[in-house]
J.: 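Sending over a structure as structure tokens; questions will come in a sec.
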Amino acid sequence: MATERYNPRASEPKWQKAWDAKKLFEADNDDPRPKYYVLEMFPYPSGRIHIGHTRNYTMGDVVARYKRAKGFNVLHPMGWDAFGMPAENAAMQNKVHPKAWTYQNIAAMREQLKVMGLSLDWAREFATCDVDYYHRQQMLFLDFVEKGLVTRKSSKVNWDPEDMTVLANEQVIDGRGWRSGALVEQRELTQWFFKITDYAQDLLDSLEGLDEWPEKVKLMQANWIGRSEGLLIRWPLATTGKVIDGEDELEVYTTRPDTIFGASFMAVAADHPLAKKAAEDNPALAKFIDEVRHMGTSVAALETAEKKGFDTGIRVVHPFDANWTLPVYVANFVVMEYGTGAIFGCPSGDQRDLDFANRYGLPVIPVVMPEGENQGSFQIIDEAYVGDGVMINSRFLDGMKPDQAFDEVAKLLEQKTLGNRPMAERKVNFRLRDWGISRQRYWGCPIPMIHCEDCGVVPVPKADLPVRLPDDIEFDRPGNPLDRHPTWRHVKCPQCGKHGRRETDTMDTFVDSSWYFARFTAPWANDPTDPKAATEWLPVDQYIGGIEHAILHLLYSRFFTRAMRETGHVDLAEPFRGLFTQGMVVHETYRVGSGSNSRWLAPSEVRLEDVDGKRRAIEIATGEEAVIGPLEKMSKSKKNTVSPEEITDGYGADTARWFMLSDSPPERDVEWTDEGAAGAHRFIQRIWRLVSTAAESLAGIKPAAAKQGEAGTVSKAAHKALKSVGEDIEKLAFNRAIARIYELANALTTPLNEAAAGKADPALQAACRQAVDILVHLIAPVMPHLAEECWQTLGGTDLVAERPWPVYDPSLVVDSEIVLPVQVNGKKRGDLTIARDADQGAVEKAVLALDFVQKALEGKAPRKVIIVPQRIVNVVA
RNA sequence: GCGGACGUGGCGGAAUUGGUAGACGCAAGGGACUUAAAAUCCCUCGAUCUCUGAUCGUACGGGUUCGAUUCCCGUCGUCCGCACCA
């Protein structure tokens, strides 16, 4: 019987409709079964689904379908991270309203996603730019204000003078705005902040409990939070140096108070108050400070910048020696943002300080010497010593270990006083800064605050929410359109009723994505969450997304969850129990021409040839040979993109899904190749042939496992595959699960063909029937459409998507006879087939009887026989 | 500079965490079917040699062990994160 080829273009929409009709993927909050929440990071609606998205969502979908089959009440929602700059840029360039542009994109992308056959609960879909959503975000903001989690303060920002907007650090490239190209200025601006630093310690400590997170991500977050333990030390200003009115001390932060006797200078940041005051009557210093401020902030500039300073003439007195004074410099390597913006320089123990001291001829006194060195000959020339050791040249600290000396200095200085306050205090410092959320933009969630001349900054009453974005808006000029709107900003002060004005800053889009996972648990709720639903669903059991969000998005979400607990919206601290960071989809690049004449070619524009084992790429249009470049992240500029449609149009969604999870481990990058996609599609056709040719003869057969003979082999193969595929999916090892499925298909080929040809006895028929049922259920998470088609062909009347995961028979996954590899002196020389339950004595006897073992022993007794049960035997001759 | 990860056939990658290195897939080569092609099926596929067998082989050099891709030390290379953080 000749079978038709499987036609995904006809089948896939058919099954998608069937799933929709039964609402199989809509989660019910009242379902009593154990819950499972799987979530992929929601996309920005750029207009097109990228192939990287499809890999991400396929992974989540496999987990969702598997868990559903395992009997869980699965929540698998999807939404849109829909605020942000691209919509405004599009508005400026193409005269489209950001709202129209965004919702059009969402509609287009939703259709693309639906083609993939994802088991998503579309009933819970929302976009962060929906008024319904940002209304609740404003409610959260006001609750946070009430709990003291929001603050307003002045901070330095990157200001693009041409676009008249604040830029994030990553939008500043070589000191210029990424769009305007204008030189970016540092400006002081009053901004809104979330007080994430209040949670710095907790955010750090709780990382330990996240045992289903990648170590890498936890480490990155720990580094970002950047905890250090040190001492704040207040140094009295000396009357012998330059005197500044109203200033009598300099406070520094140090993690190495033990090296205090190695100090040879003080250095303050250019923005330090002392520096500013000293510069008032010192034009040369003022000029130096100005230079430092305009120093490039790019990585290259920082790396090459020399350590430079300027002596202010001010001197400080050493805390332990009233006769010892040190100069105070303004230095370009000290930043105001960390610690107190001032340091004491210990050249022997810090490379930067040493470079600085050598440049300005300041003393270098070694104070820590490695254990076992000779103090007479130990010296520091141009390499500072930062390791452990023993204190020298440090008076009463001599002979101590540095950490002892740390404690000793801390203890003594805590007791000393300077102007009624202790001279030092222990201080834990964090690198983490408060989260500045103000953006001078239109397309974001309005910050619900009102400025009143008399009452100050007043929250918008909750009853007046939402503060809606006005629709009539002009993008003809740079800057924030909300500022120029004729009426929007004018509003009555809710406290005194006089004229006030709205806050025109909108929120950072990271705010939107910091709680969407909670909103999905009850997107219809009037409050930001339905606490009961949130409690039941959260935490997200498996969160999947790109490593690029390892720090900000995940850290902000962790902060937000804590803040939402504080305000009664959720009752947990950690939003994501399991985190998985998937790799990118990459493709090689093709380029013709050289220098400024070169152009990139899309994969569809080249033909690949294989000549004498050497791959060549030829531009189809011109016949010109193109240079094949390395694998790179798909990007528009290099044209090495493959769109999901190119695959789904030709091969269907199942092929795309299967290919994307094959071969490469999910956390690693996967290379998109035409051969690979074609191979995945061949396998789909192969499964279809296998199942459909056998279907007729197996249709009426009752499935049953066999233990012996050929039928037993079939059943064992099926049950072993069933066990390992389940385990692999649990571990998100999709590539391994797929390899096991290939193995099963290989093992079933001959028996199924026998069954189709009517050559199978009843036992084999029953075993084949069960094995093919198992096969269909195993492929279902990855290739759900094909699974349904196969199931229907086999006579199934229900949907695989609503069927339970099969249960393996433990007795079928172990063999009664095992093949033990036998080594002689650690090298494999042969095998021993023996009963699984044979005891050690029997194994040893059988091994020693093997002729290759006897030959190796040359009649002598073995020195040792190592038997690892069920594993291996090693005979030591 | 600091911190981290990784390095296995022509390629993507397996290896139950110290126990048969190379599962599975891709590519390649050979064969069958066909008038021919596509599709499909079968076989070969780490290297070398004195080729029914043996030796070598998991970046390189050492070490621990009966046994190391796996653990330890050093070197080289690739990738990632942070960065004048005091």
Side-chain angles (χ1 to χ4, degrees), chain A residues 5 214-224 226-228 230-231 252-257 259 267 269 295 299 301-303 305-307 331-335 337-346 349-353 355-356 386 429-432 547-548 550-551 610 613-615 631 658-659 662-665 667-671 673-680 682-683 685-686 689 724 727 733 735-746 749 753 819-831 862-877:
Chain A
R5 277 174 74 78
E215 289 302 319
K216 181 188 169 75
V217 173
K218 288 192 278 186
L219 188 71
M220 280 163 71
Q221 291 213 352
N223 289 340
W224 187 263
R227 183 183 194 274
S228 65
L231 215 55
V252 307
Y253 177 72
T254 179
T255 56
R256 296 295 304 274
T259 65
M295 190 176 66
V299 174
L302 286 176
E303 256 171 17
E306 280 186 73
K307 307 283 171 278
N332 64 351
F333 63 93
V334 179
V335 295
E337 286 73 34
Y338 191 78
T340 61
I343 61 159
F344 79 76
C346 172
D350 184 293
Q351 192 58 46
R352 290 159 305 171
D353 296 349
D355 294 345
F356 190 84
V386 295
N429 209 19
F430 293 96
R431 203 192 78 106
L432 182 69
I547 186 75
E548 65 273 20
I551 298 173
D610 209 313
K614 231 189 134 180
R615 292 178 69 240
L631 296 174
W658 185 260
F659 174 73
S662 303
D663 291 358
S664 282
E667 68 277 10
R668 242 184 270 181
D669 292 349
V670 63
E671 185 197 357
T673 63
D674 288 344
E675 293 83 7
R682 269 202 304 275
F683 184 66
Q685 295 296 352
R686 198 176 137 209
R689 258 194 328 274
S724 48
E727 288 168 354
N735 57 322
R736 293 212 300 258
I738 281 177
R740 298 288 87 84
I741 293 174
Y742 272 113
E743 275 177 353
L744 178 59
N746 292 344
T749 300
N753 286 336
V819 178
L820 277 182
V822 178
Q823 296 180 330
V824 178
N825 294 331
K827 281 194 176 138
K828 197 203 160 190
R829 293 293 134 139
D831 294 306
R863 280 176 40 206
K864 210 177 189 182
V865 178
I866 294 151
I867 299 168
V868 184
Q870 319 288 327
R871 272 297 145 75
I872 201 164
V873 181
N874 190 11
V875 179
V876 185

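So you know, we letter chains A, B, ... as the sequences are listed, proteins then strands, and number each from 1. Note that the coordinates shown come from a computational prediction; the quantities given were computed from them, not determined experimentally.
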J.: Asp353(A) near the nucleic acid: base, sugar-phosphate alone, or nothing, with a heavy-atom cut-off under 4.0 Å?
T.: nothing
J.: For the backbone of Ser228(A) and the side chain of Asn429(A), can you confirm whether one donor and one acceptor N or O come within less than 3.5 Å of each other?
T.: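 No.
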J.: Using the test side-chain hydrogen bond (donor to acceptor under 3.5 Å, both in side chains), find all partners of Thr255(A) that sit at least two apart in sequence or belong to another chain.
T.: none
J.: Say you pick atom C1' in G57(B) and the same atom in G46(B); how far apart are they, in whole Å?
T.: 8 Å
J.: Not counting sequence neighbours, which residues clear side chain to side chain contact (heavy atoms under 4.5 Å, CB included) with Leu219(A)? List them please.
T.: Asn223(A)
J.: Identify, with sequence neighbours excluded, every residue that meets salt bridge (Lys or Arg N to Asp or Glu O under 4.0 Å) alongside Asp350(A).
T.: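 Asp350(A): salt bridge (Lys or Arg N to Asp or Glu O under 4.0 Å) contacts with Arg352(A).
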J.: Tell me, please, which residues at least two apart from Arg686(A) pass side chain to side chain contact (heavy atoms under 4.5 Å, CB included).
T.: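 Only Phe683(A), Arg689(A), Ala745(A), Asn746(A), Thr749(A) meet the side chain to side chain contact (heavy atoms under 4.5 Å, CB included) criterion with Arg686(A).
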J.: Under 3.5 Å for both distances, Watson-Crick or G-U wobble, that's the pair rule; now give the dot-bracket for RNA chain B, with | marking pairs to another strand and [ ] for crossing ones.
T.: (((((((..(((......[....))).(((((.......))))).((((...))))..(((((..]....))))))))))))....
J.: What pairs of nitrogen or oxygen atoms, one from the protein and one from nucleotides 48-56 of chain B, lie under 3.5 Å apart?
T.:
from	atom 1	to	atom 2	distance (Å)
C56(B)	OP2	Lys827(A)	NZ	3.4

J.: Keeping to residues at least two apart or across chains, list the salt bridge (charged side-chain N to carboxylate O under 4.0 Å, His left out) pairs with something in residues 862-877 of chain A.
T.: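 Applying salt bridge (charged side-chain N to carboxylate O under 4.0 Å, His left out) to every pair that reaches into residues 862-877 of chain A, excluding sequence neighbours, yields nothing.
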J.: Say whether Ser662(A) and Tyr742(A), considering side chains only, have a donor N or O and an acceptor N or O under 3.5 Å apart.
T.: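 Per modelled atom types, Ser662(A) and Tyr742(A) side chains form no pair under 3.5 Å.
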J.: Measure all distances between protein nitrogen or oxygen atoms and nitrogen or oxygen atoms of nucleotides 38-45 of chain B, and list the pairs falling under 3.5 Å.
T.:
from	atom 1	to	atom 2	distance (Å)
U40(B)	O3'	Arg689(A)	NH2	3.3

J.: Remember a base hit wins even if backbone is also touched, and classify Val875(A) as base, sugar-phosphate or nothing at under 4.0 Å, heavy atoms.
T.: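 Result for Val875(A) = nothing.
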J.: May I ask you to verify if any side-chain N or O of Tyr338(A) is less than 4.0 angstrom from the OP1 or OP2 atom of A86(B)?
T.: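 For Tyr338(A), the contact criterion (side-chain N or O under 4.0 Å from OP1 or OP2 of A86(B)) is met.
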J.: Mind checking ring-ring contact (aromatic ring centres under 6.0 Å, His included) for Phe333(A) and listing every partner two or more places apart, or none if nothing turns up?
T.: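 Here the qualifying residues are Phe356(A).
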J.: Got a sec, which residues hit side-chain hydrogen bond (donor to acceptor under 3.5 Å, both in side chains) with Gln351(A), two or more places apart in sequence or on another chain?
T.: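 Once residues adjacent in sequence are excluded, the partners of Gln351(A) under the side-chain hydrogen bond (donor to acceptor under 3.5 Å, both in side chains) criterion are Asp355(A).
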J.: Report all interatomic pairs (protein N or O, nucleotide N or O of nucleotides 2-10 of chain B) with separations under 3.5 Å.
T.:
none

J.: Please list, pair by pair, any protein nitrogen or oxygen found under 3.5 Å from a nitrogen or oxygen in nucleotides 20-23 of chain B.
T.:
from	atom 1	to	atom 2	distance (Å)
U20(B)	O2	Lys828(A)	NZ	2.9
A23(B)	O2'	Glu743(A)	OE2	2.4
A23(B)	N3	Arg740(A)	NH2	3.3

